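For reference, the structure discussed in these notes is given below.
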Amino acid sequence: MNIFVCISHVPDTTTKIIIGQDGKSIDRTEVTYILNPYDEFAIEAGLQWKESKGGEVTAVCVGSPEVKETIRKAFAMGVDKGIHIVTDSPFDSYGTARALADTLRERRPDVVFCGRQSIDYDGWQVPGMLAELLGMPAVTVVSSLELREDGTFTAERDIEGGKETIVSRLPALISAQKGLNNPRYPKLQGIMAAKKKPIEDVPAVQTPPRVRVLEMFKPPLKSGGRIVGEGAGAVPELVRLLHEEAKVI
Ligand SMILES: Cc1cc2nc3c(=O)[nH]c(=O)nc-3n(C[C@H](O)[C@H](O)[C@H](O)COP(=O)(O)OP(=O)(O)OC[C@H]3O[C@@H](n4cnc5c(N)ncnc54)[C@H](O)[C@@H]3O)c2cc1C
């Protein structure tokens, strides 16, 4: 099987985010980057399909030269090859999907796995757009997956308050939800092998952005707490404040 996994290079959730001087972007100087956590489920799904059906798994990432370190993390998990779609100017979600589609189309994927969302810009848009551009069905937010010999597959999707079961056919794009599998930890052998695996550089064709960031700002700092008393005697005052001041009850 010709399996592709789209991976995104995102700030670590423990990183303190600082807004850049332009007020429209993140100051990247002190940011530690990780492999987008949802993409680990996508990689694991790709590796499991390769192990049961044969073929190879290629990780693809759009971004600046630093994203190569994230591609190597995918290698350490067992991914065979990497494609770095090189751009210094960041794309919006459509630009990212276009760059991925332009590169993947001619490589004729049997399946493209994505994460359900990239935890930096939280767009949830790339998988659907990419599937449309590749002319493939998209099955998103998948938490269970079974592939049959005839190329059809059954996927369970998480929907509000329940699950939905979908049947579709390869080639298709599938975006992974937490719970789809347990992503494997890289072993020492995988980490060593990751250094030697090939990464192909592909220049990204610039796509004019369709959305523009006007402003980025942090939520206002929370004010300090207030102690209204102690024990049961404080309850009436607490209830009054919640009702009259905070207006939450
Ligand atoms: C207006 C705007 C401005 C931006 N400015 C910057 C900026 O200044 N600097 C910067 O670094 N980023 C910037 N970005 C973010 C960056 O371009 C994102 O990678 C891209 O927009 C996709 O994010 P998303 O939230 O739509 O992805 P989602 O749709 O949430 O991602 C879902 C899945 O798509 C795949 N995917 C997403 N992004 C990529 C990728 N880059 N490569 C491969 N697969 C991917 C992954 O499988 C991911 O799990 C900006 C985004 C927007 C919308």
Side-chain angles (χ1 to χ4, degrees), residues 3-13 15 17-29 31-46 57-71 73-74 77 79 82-104 107 109 111-134 136 138-142 173-178 180 183 199-202 204-216:
I3 302 165
F4 288 86
V5 187
C6 300
I7 60 172
S8 155
H9 172 84
V10 297
D12 190 336
T13 43
T15 294
I17 298 293
I18 298 170
I19 308 285
Q21 297 225 322
D22 63 358
K24 297 179 186 181
S25 62
I26 291 164
D27 179 346
R28 296 177 167 258
T29 42
V31 177
T32 309
Y33 285 89
I34 56 168
L35 169 62
N36 182 39
Y38 290 103
D39 301 347
E40 292 185 18
F41 299 106
I43 291 172
E44 180 61 37
V57 183
T58 305
V60 195
C61 187
V62 183
S64 49
E66 302 79 57
V67 307
K68 282 202 167 68
E69 70 190 64
T70 290
I71 298 177
K73 286 178 193 158
M77 287 177 72
V79 164
I83 301 177
H84 172 200
I85 304 176
V86 187
T87 172
D88 271 330
S89 43
F91 291 128
D92 60 8
S93 307
Y94 177 72
T96 305
R98 268 293 298 273
L100 288 166
D102 289 350
T103 302
L104 294 186
R107 292 163 209 257
V111 61
V112 179
F113 284 106
C114 289
R116 81 166 193 193
Q117 86 195 82
S118 185
I119 63 157
D120 49 4
Y121 285 80
D122 282 328
W124 298 58
Q125 296 190 46
V126 171
M129 290 179 180
L130 175 57
E132 179 64 20
L133 292 167
L134 290 173
M136 288 181 174
V139 187
T140 55
V141 199
V142 167
L173 181 146
I174 296 166
S175 86
Q177 161 71 314
K178 190 174 168 185
L180 174 61
I199 300 180
E200 180 188 346
D201 282 353
V202 175
V205 177
Q206 290 297 321
T207 307
R210 297 194 170 190
V211 291
R212 200 157 46 90
V213 177
L214 294 182
E215 190 186 2
M216 264 189 198

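What's counted below: heavy atoms across the whole structure, side chains too, no hydrogens, waters or symmetry copies. Note that this is a predicted model, so its numbers are computed, not measured. Read the numbers this way: they start at 1 and go in the same order the structure lists the ligands and their atoms. By convention here, the first residue in the shown sequence is residue 1.
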| query | What pair of heavy atoms forms the shortest contact from Tyr94 to Met129, and how long is it? | reply | CA-SD, 3.5 Å
| Do Ile7 and Leu35 come within less than 4.5 Å of each other through their side chains, counting heavy atoms only? | yes
| remark: Contacts for ligand 1, heavy atom under 4.0 Å, by chain and number, are Cys6, Ile7, Ser8, Arg28, Asn36, Asp39, Val60, Cys61, Val62, Pro90, Phe91, Asp92, Ser93, Thr96, Leu100, Cys114, Gly115, Gln117, Ser118, Tyr121, Asp122, Gly123, Trp124, Gln125, Val126, Pro127, Val211, Val213
| query | Considering all heavy atoms of both residues, which atom of Thr103 and which atom of Ile83 are nearest to each other, and what is their separation? | reply | CG2-CG2, 4.0 Å
| field | side-chain contact (heavy atoms from CB on, under 4.5 Å) against Phe91, all qualifying residues, sequence neighbours excluded | value | Val62, Thr87, Thr96, Ala99, Ala204, Gln206
| Tyr33 and its side chain to side chain donor-acceptor pair (under 3.5 Å) partner, picked from Glu66, Arg28, Lys73 | Arg28
| field | Pairwise side-chain contact, Gln21 with Asp27, heavy-atom cut-off 4.5 Å (strictly under) | value | no
